[in-house]
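As the structure lists them, so they are numbered: ligands from 1, and atoms in each ligand from 1. Everything numeric in this text was worked out from a predicted model, so none of it was measured.
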Amino acid sequence: MPYDPPGSVPASEALFARAKAVTPGGVNSPVRAFNAVGGTPRFIRSAQGAWLTDVDGNEYVDLICSWGPMLLGHAHPEVLAAVQAAVTRGTSYGTPTQPEVELAEEIVRRTPVEEVRFVSSGTEATMSTIRLARGFTGRDVVVKFAGCYHGHVDALLASAGSGLATFAVPGTPGVPASSTELTLVLPYNDRDAVAKAFAEYGDRIACLITEAAPGNMGVVPPEPGFNAFLAQTCRDHGALFVSDEVMTGFRASKQGHWGLDGKVEGWVPDLVTFGKVMGGGFPAAAFGGRAEIMRRLSPEGPVYQAGTLSGNPIATTAGLTTLRLATDEVYAHVDAAASTVKRAAAEALTAAGVPHVVQSAGTMFSIFLSDTPVRCFDDARRTDEKAYAAFFHSMLDQGVYLPPSAYEAWFLSSAHDERAIDTILAALPAAARAAAASTGSTTEGRR
Ligand SMILES: Cc1ncc(COP(=O)(O)O)c(C=O)c1O
């Protein structure tokens, strides 16, 4: 229903003012608030295919895609039909159902996991995985990389300690030091740091968790052989290798990043987390792994884990329908569309004289406004945030909704057709010139 604010205030602005009165920052997840780019977030009324329509009636090509899930675009007719049929049968029972079995079978068929457990968010998936890894190994220490985001789990909202291989400190107020004092935070793509940490603490490390290809400091692909090295190092020390594919799973490729280079490099994770695409736009996520490990979970084993809405029949129906529709052709389309956008963005930025680096992991990519390749979080922080903000707002004014932060992946879908791509391409030159006009400031990252 159209929203009619009083007077001539744009509806998004009026809603944002109302939202800020009742919700911290006016949003339910921080990056939506536009703090990194300034201005007012657009409140979206509806979405179809590659397009968002805001409450003022403006249309935008969507390059957020709900931060990854909408691989098939918005309101895909077959996903909607399956969901509508499911809803008429009731929305949640708290008993086992057929769609959750079928979705689990689909995930097991496509990925290296033998068993899978559903949860409602990526955060829950990584949190449960850490608990399971600790329960399975009987060890306490967890290793993660700076710039990899695994949801807002206390033990993983950690910043590096005073030196390499020293324990972490809380990354945010509200996380007690006791929650991060068993976490080691290392620089990404740095084998020496990993080797040193394992040399010192190897017999205490329960698991190493990494984004299969980081997308949360912008896209920073693992250097060739890095994931295989991590898997082998974990194996050598009796620790579990946890691959977080919440973002990359069924998005970077048909399987995830593992599917892109796993077979080539010969690395297999012990545990994997999934989310986003596998929920088809509903709150669903999962974690899985070797049966021997997964069977330590309750009720089969002693490691407790549960959830009222876990495996919800509507969410699993949406996820199952989405995965079944995610064919090779879908990935080929998204890949081709991404290549076109990457090439055009690079050309526009070069023509405007803006230093930039394009980085990809399968169909996911980021454009860093920086003059050096980004291998790790410290590199990512050199990006020119002020120039990105100008670029972002120019694109928005021209009807393209980019992620409102310089440290995010750009997401496309199989619904990004010629009209959507042409709209993006037409907007890029002016946005690149806007970025050129406001280069200059780099701050300390978003988290
Ligand atoms: C790699 C990764 N892991 C975990 C999460 C947390 O997922 P959620 O936001 O569903 O809790 C995210 C969210 O973006 C993510 O990208």
**Report entry** First-shell residues of ligand 1 [heavy atom, distance under 4.0 Å]
**Finding:** S121, G122, T123, Y149, H150, G151, E211, N216, D244, V246, M247, K276

**Report entry** Centroid-centroid distance, Y407 to Y149, less than 6.0 Å
**Finding:** no

**Report entry** Contacts of type side chain to side chain contact (heavy atoms under 4.5 Å, CB included), residue E223, not counting sequence neighbours
**Finding:** N189, R375

Query raised in the report: Sequence neighbours excluded, which residues qualify as side-chain hydrogen bond (donor to acceptor under 3.5 Å, both in side chains) partners of H416?
Result: S413

Report task. Give a yes or no on whether the backbone of E300 and the side-chain of R295 come within a donor-acceptor separation of less than 3.5 Å. Result ->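 No, R295 side chain to E300 backbone: no donor-acceptor pair under 3.5 Å.
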
Query raised in the report: What pairs with F411 under ring-ring contact (aromatic ring centres under 6.0 Å, His included), at least two apart in sequence or on another chain?
Result: none

Query raised in the report: Counting only heavy atoms not in Q98, do more than 12 fall under 6.0 Å of its CD?
Result: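 No, CD of Q98 has 12 or fewer neighbouring heavy atoms, counting only those of other groups under 6.0 Å.
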
